[in-house]
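Working notes for the structure below.
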2 protein chains.
Amino acid sequence: MATPIVDVHTHVYPPKYVELLKSRSEVPYIRTFDSDLTARLIILPREDDPSTPSTARGRPIGPEYFDIAKKIAFMDQHGIDISVISQANPWLDFLSASEATDAAVEVNDDINNMCEKYPGRLFAFGTLPVKAGAEACVREIKRLKGLKWMRGVVLGTGGMGQGLDDPKMECVYTTLEEAELPVFLHPHYGLPSEVYGPRAGEYGHVLPLSLGFPIETTIAVTRMIVSGVFDRHLALTLLLAHSGGTLPFLAGRLESCILHDAHLKKLGKLEKRRDIWDILKKNILLDAVVYSGVGVRAAVEASGEDRLLFGTDHPFFPPLEDEDTHQEWLSVATNYAAINKVFEGDKEKGGAVLGGNALRLLKLQAE
Amino acid sequence: MATPIVDVHTHVYPPKYVELLKSRSEVPYIRTFDSDLTARLIILPREDDPSTPSTARGRPIGPEYFDIAKKIAFMDQHGIDISVISQANPWLDFLSASEATDAAVEVNDDINNMCEKYPGRLFAFGTLPVKAGAEACVREIKRLKGLKWMRGVVLGTGGMGQGLDDPKMECVYTTLEEAELPVFLHPHYGLPSEVYGPRAGEYGHVLPLSLGFPIETTIAVTRMIVSGVFDRHLALTLLLAHSGGTLPFLAGRLESCILHDAHLKKLGKLEKRRDIWDILKKNILLDAVVYSGVGVRAAVEASGEDRLLFGTDHPFFPPLEDEDTHQEWLSVATNYAAINKVFEGDKEKGGAVLGGNALRLLKLQAE
């Protein structure tokens, strides 16, 4: 029997979360504008400019975001046997401490119930009540460990508000190590819009999506590395979205900059540290959502072919031509083609990336 | 005879420029603080914080920055036959229109004279008077074409102040195409410091140097690509510092984001455009200053082994242990090792990257 194909990067807004977004009137929220019959999802402050026509604000949100049957249909259409679903950004990052704890329980139970409807075809990464603080996160991680279909947690780069190099995250990392649950690290906040220059508006969403997202991830994980998180948490596992942002390509420069930094040397930080390559090969998993053979090969060389995992980013990046809803998605086909190109002569390794690695590393057997 | 080794990424502050920096009292400037006998170079506003001890502001600047004999000694020590020197950042970006034109002539003549002292061992990229506007730049490009050792121009990502996707740059690009002179695109401004989070100060210069610089370059060239510069200027050649920042790794995602952008499609921008891979293989040259085999291979796959060029970034990244001035620099050894690793079985291709490509593409024969 061929190894199943597993998608580890695929998002949902569970129904409880959609209700929450509909009840809100500031970012993030879902709204059906009078001028438009389609509900629109606005998740970033810069998407909420009142001078923008309402039909250009955010993005249309349809059942592909919350109806799990649509996810299964997409999987069937693209030959995907198993999906490890995660709540899409911005998770519960925006909720106050008093709201976050209950919301996390509701949302995670909701997602676990989605998985229960299609036994063995869906697993999930749970969401943490980050603004409720470390103790609340620790409690939810322990609760997630007991939910049948949960296999890790999804985290944004902000952590509890001060980034993932925040000392307050330490006990969260310890709990994740003990629970043997990986973190799926995913971007949301991008870069300050000034970096795209005065003509960025002419380029649609291209600059923030193609550069801002992966760069945000790269900065976040680099801050973890240089602050010594992986020196203290040897068993912590991070699955990085979009093949690490651009960590595989910049790892060499990062290592060199560390080794040439007089300030770090003076502080004694160059002794007894683990180098980037060791961390990449023992603590980092990469999804294969990188849209090129160049990227797939760099990811393989950086972390190893046994640590790269197929993904789609569904329901984002649907085909622009939506008259034919039965067509294969270009975004998915591009990622399949990149993997096939790199592993053309080696079906076994290709199969590991397409599903075998996810099965093994995320323990995707129904118990 | 073996192909010579050519360093295309190696900087100088010509004496005229050092004089200029010494005469200034705001960033960028050179100053010898009372508490320290070493002159220090402060080139970024964030390095000029009065609360920082004077010995931690900027970086020490010694003769390796302006004494060309030191460059030759470094070349001899590292087996480098030819260097294509360029003024280090921030070039003349900070000079007003009235100052820039004369300064460009002085600085470029100064650099050309440095090359003249070691005939055949040094060539150069000239500096443009960007703040003096397009016409002044066009005049200086035409003048540079007549200087014996000039083989291109170095440009920062700011262009004339509005970035390289500025329509005012169009006639500069046309002039460069006609003169058959490449642009060496180099970062200086990095990213807004807020992206590095509240603990960035603990990490020395690591985050801005390892991430900010390459990301700045990537954003700049991406803005050129999406604004259609390479659709209009088919013969424009860009040599990208640090192997393109991270363009090789993100090219696939960039292409996918463009093809999925509803706004660009609505504007008809998806028709008749050149795709990223075509631009990478025809208009982009990459230096091999990427400090890893992963990076070198990605650069080769993106642009071709006939378009990758060895570089050192001298005099930046000297060894931290400076008691032994005769040791090989780790930063240089790392880049040599990365190239040797990738081209281990193919001396001819390795030789092309180490020097043959530079000889051919930059026409490095003394005439």
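By convention in this document, chain letters (A, B, ...) are assigned in the order of the sequence lines, proteins followed by strands, and residues within each chain are numbered from 1. Values in this document were obtained by computation on a predicted structure and should not be read as measured data.
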Please confirm whether the backbone N or O of [Y] pairs with a side-chain atom of [X], one donor and one acceptor, at under 3.5 Å?
X	Y	result
A/S303	A/V300	no
A/R40	A/I61	no
A/D275	A/D278	yes
B/R307	B/K282	yes
A/R274	A/D231	no
A/D287	A/S243	yes

Which one of [options] has the most heavy-atom pairs closer than 4.5 Å to chain A?
options	value
B/G212, B/A200, B/G245	B/G245
B/H205, B/R199, B/E202	B/R199
B/K266, B/E255, B/E216, B/K265	B/K265
B/G293, B/G163, B/P192	B/P192
B/R297, B/E194, B/R253, B/E301	B/R253

Residue part contacting chain B, namely of [X], when any heavy atom lies under 4.5 Å:
X	value
A/T157	neither
A/N335	neither
A/L264	side chain
A/L254	both
A/R223	both
A/H263	side chain
A/L207	side chain
A/T334	neither
A/Q162	both
A/L267	side chain

Heavy-atom contact with chain A under 4.5 Å, split by part of B/L250: side chain
B/Y189 and B/D93: CA distance, side-chain angles, deciding distance, side chain to side chain donor-acceptor pair (under 3.5 Å) verdict: CA-CA 11 Å; B/Y189 300 94; B/D93 281 19; 2.6 Å; yes
NZ (A/K281) with more than 12 external heavy atoms under 6.0 Å: yes
With a 4.5 Å cut-off on heavy-atom pairs, point out which of [options] contacts chain B the most.
options	result
A/V289, A/L330, A/L270	A/L330
A/L211, A/L209, A/D165	A/D165
A/V206, A/D261, A/T218	A/D261
A/S227, A/A338, A/A251, A/A302	A/S227

Validation row, ring centre B/Y336 to ring centre B/F310 under 6.0 Å: yes
Centroid-centroid distance, A/H314 to A/H78, less than 6.0 Å: no
B/H11 and B/N89: side chain donor to acceptor below 3.5 Å: no
Side chain to side chain contact (heavy atoms under 4.5 Å, CB included) assessment of A/L164 paired with A/V229: CA-CA 9 Å; A/L164 300 176; A/V229 166; over 6 Å; no
